[in-house]
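Data block below; observations after.
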Amino acid sequence: MADDADREIENSKESEKELNRDWASLPTDLLCLMLPHLFLGDIKRFHNVCRSWRLTPTPSVQSPVLMSIGNDNTRCKFFHPLYKSPYSMYIPELFGAVPRFCKDGWLLMSRGDYSMFFLNPFTKALINLPDLPDLYDFGGITFTSSPTSSDCMVFGIYVNHDEELFSISTICRGEESWQVMHGENNSPFFLSHCNPVFHHGEFYCLGQHGNLGVYNPDEDYWTVLDKPHRQQLDPFLSHERNFLVECNGELLSVSLSFMGKSISISKLDSVEMTWHKVDSLVDQMLFVSNTSSLSAMRVVQGMENKIYLPRVHEKCGAFYSLASRLFQTFGNDFSRKDWYGTGELLSCCWIEPKADISYSKEELNWFEDA
């Protein structure tokens, strides 16, 4: 009996030690496992806990988040794929502006008919571009690298489907005006409602039938390629959505039929110029929307092999799992073969959080490299 009493006292002391454990002494490896689950303000609060937590390095790669701009154009919500409650932020610089593309944590925005600018919504850093020579009418627009880089180039394209004419506008960092090229397509081309991808030094644009248009900026040359082509998921429906994404140095096309009843991923064979079906993304994730589509390595176990969409169910971001072939969320028990019951966020884009960066005055001056 005495031994049992002594053992109970020892266990009580151990439990008390556990309760009084110094959180600052948690192993760095454990803290590093916690950080990928956090984003934006949560990361800042994590680093403010104590000195040892502040010294824990922020993950170099964070999950992209879905940025949704409210009706007043100043209040934004950021939906993390893992969480139910979005993170809100007031960004007055967005007033009256429309998101057009996003890359490396920078938004490319238009305001009115002629004005365009870059904005990092996390740091509020802003870079103004020269006004467009004509009103904004691009069917797709993109840029090659961070707008603070000397090699940044913006590319916008408009295609007149009825007359088979195209118009391409470009501007490079340091230039004071846009360069515009007009011409006639060498082959019928119906531009998908998604942005171009800068891939191996050229701009690739996806057509509605799986064909590609390519612009070479060095040669200032645009052409519609003879191949590839692919069958539509449902040739009797005109509601198919197509997205072009670069993943691991290769081009992928993502096609979604009406209500998401069919989803297909294809990889471009750049030698044969044909599309090959992809059944699994392995440890990769795809994030698609009309304004930005990107890929990323899984950040947290369980996020891989999924297509994340600009759709929500009860404030939870919806995704399509290639493993289960179902639309699901992480925050509730939603699970369907189509996306019925989810709502689409319209004025939104996928963005990679870039909050711990500072820019010099010269970097924020578009003409500095002139």
Side-chain angles (χ1 to χ4, degrees), residues 99-103 108 137-144 153-162 164-170 183 185-217 221-235 237-258 260 262-278 281 284-295 307-310 320 349-350:
R100 300 298 183 178
F101 184 67
C102 181
K103 186 175 185 177
L108 179 59
D137 60 356
F138 299 123
I141 193 167
T142 186
F143 56 91
T144 58
M153 179 180 186
V154 183
F155 166 85
I157 183 169
Y158 166 78
V159 176
N160 185 317
H161 295 164
D162 296 331
E164 297 184 359
L165 301 176
F166 71 86
S167 174
I168 288 175
S169 299
T170 61
N185 286 320
N186 57 295
S187 181
F189 187 72
F190 298 90
L191 189 67
S192 290
H193 191 40
C194 68
N195 283 310
V197 172
F198 186 64
H199 177 69
H200 292 170
E202 296 181 310
F203 295 94
Y204 284 77
C205 302
L206 181 64
Q208 294 177 10
H209 302 295
N211 56 338
L212 293 167
V214 181
Y215 174 73
N216 186 308
Y221 180 71
W222 161 263
T223 185
V224 178
L225 303 181
D226 295 332
K227 299 187 296 183
H229 289 274
R230 61 167 173 73
Q231 294 294 321
Q232 290 181 279
L233 294 178
D234 189 340
L237 292 173
S238 60
H239 300 285
E240 184 173 315
R241 299 187 183 186
N242 303 297
F243 305 94
L244 191 63
V245 190
E246 186 177 53
C247 180
N248 281 338
E250 298 181 297
L251 288 180
L252 302 181
S253 70
V254 181
S255 299
L256 294 80
S257 70
F258 178 67
S262 296
I263 288 187
S264 174
I265 303 177
S266 302
K267 179 173 68 175
L268 180 67
D269 182 334
S270 58
V271 177
E272 299 293 332
M273 291 307 292
T274 56
W275 292 111
H276 296 292
K277 186 177 180 182
V278 174
L281 296 170
Q284 294 289 318
M285 310 176 288
L286 298 184
F287 301 82
V288 300
S289 72
N290 291 334
T291 49
S292 63
S293 296
L294 56 112
S295 66
I307 305 172
Y308 295 87
L309 306 162
Y320 178 77
C349 62
W350 290 104

Side chains of Asn186 and Trp222 only: does a donor on one sit below 3.5 Å from an acceptor on the other? no
Do Glu164 and Asn185 get their side chains close enough for a donor-acceptor pair, meaning under 3.5 Å? no
If you round to the nearest 0.5 Å, how far is [atom2] of [Y] from [atom1] of [X]?
{"X": "Leu294", "Y": "Lys103", "atom1": "CG", "atom2": "NZ", "value": "10.5 Å"}
{"X": "Ile307", "Y": "Ser295", "atom1": "CD1", "atom2": "OG", "value": "12.0 Å"}
{"X": "Ser293", "Y": "Glu246", "atom1": "OG", "atom2": "CD", "value": "12.5 Å"}
{"X": "Ser253", "Y": "Lys267", "atom1": "OG", "atom2": "NZ", "value": "12.0 Å"}
{"X": "Asp137", "Y": "Asn160", "atom1": "CG", "atom2": "CG", "value": "10.0 Å"}
{"X": "Ser292", "Y": "Phe243", "atom1": "OG", "atom2": "CZ", "value": "10.0 Å"}

Applying side-chain contact (heavy atoms from CB on, under 4.5 Å), can you list everything that pairs with Thr274, at least two apart in sequence or on another chain? Asp269, Glu272, His276
Would a distance-only check, ignoring hydrogens and angles, find a side-chain to backbone donor-acceptor pair under 3.5 Å from Thr144 to Met153? yes
Is there a side chain to side chain contact (heavy atoms under 4.5 Å, CB included) between Thr142 and Leu108? Walk through the geometry before answering. CA-CA 8 Å; Thr142 186; Leu108 179 59; over 6 Å; no
Within the structure provided, determine whether [X] and [Y] are in side-chain contact (heavy-atom separation under 4.5 Å).
{"X": "Met285", "Y": "Tyr308", "value": "yes"}
{"X": "Leu281", "Y": "Ile265", "value": "yes"}
{"X": "Tyr215", "Y": "Thr170", "value": "yes"}

Can you confirm whether or not the ring centre of Phe138 sits under 6.0 Å from the ring centre of Tyr158?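 For Phe138 and Tyr158, the ring centres are not under 6.0 Å apart.
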[X] and [Y]: which non-hydrogen atoms are nearest, and at how many Å?
{"X": "Val288", "Y": "Trp350", "result": "O-NE1, 3.0 Å"}
{"X": "Ser187", "Y": "Val224", "result": "O-CG2, 3.8 Å"}
{"X": "Leu244", "Y": "Trp275", "result": "CD1-CH2, 4.2 Å"}
{"X": "Cys349", "Y": "Cys102", "result": "SG-CB, 4.1 Å"}
{"X": "Lys227", "Y": "Met273", "result": "CB-O, 3.4 Å"}

Step-by-step ring pair (Phe, Tyr, Trp, His ring centres under 6.0 Å) determination, Phe143 to Phe101: CA-CA 8 Å; Phe143 56 91; Phe101 184 67; 5.3 Å; yes
If you apply the rule side chain to side chain contact (heavy atoms under 4.5 Å, CB included), what do you find for Ile168 with Phe155, and how did you get there? CA-CA 7 Å; Ile168 288 175; Phe155 166 85; 3.5 Å; yes
Answer yes or no: does atom CG of Asp226 have more than 12 heavy-atom neighbours from other residues, nucleotides or ligands under 6.0 Å? no
With side chain to side chain contact (heavy atoms under 4.5 Å, CB included) as the criterion, how do Leu256 and Asn242 come out once you've worked through the C-alpha distance, each side chain's angles and the decisive distance to 0.1 Å? CA-CA 7 Å; Leu256 294 80; Asn242 303 297; over 6 Å; no
Identify all side-chain donor-acceptor contacts of residues 188-197 below 3.5 Å with residues at least two apart in sequence or on another chain.
unit_1	atom_1	unit_2	atom_2	d
Ser192	OG	Leu206	O	3.4
Ser192	OG	Gly207	O	3.1
Ser192	OG	Gln208	N	3.3
Asn195	OD1	Ile141	N	2.9
Asn195	ND2	Arg100	O	3.1
Asn195	ND2	Asn290	O	3.3
Asn195	ND2	Thr291	O	2.6

May I ask you to decide if the ring planes of Tyr204 and His199 are parallel, tilted or perpendicular, using 30° and 60° as cut-offs? perpendicular
For a side chain to side chain contact (heavy atoms under 4.5 Å, CB included) check, start with the C-alpha distance between Ile157 and Cys205, then their side-chain angles and the critical distance, and finish with the verdict. CA-CA 9 Å; Ile157 183 169; Cys205 302; 4.1 Å; yes
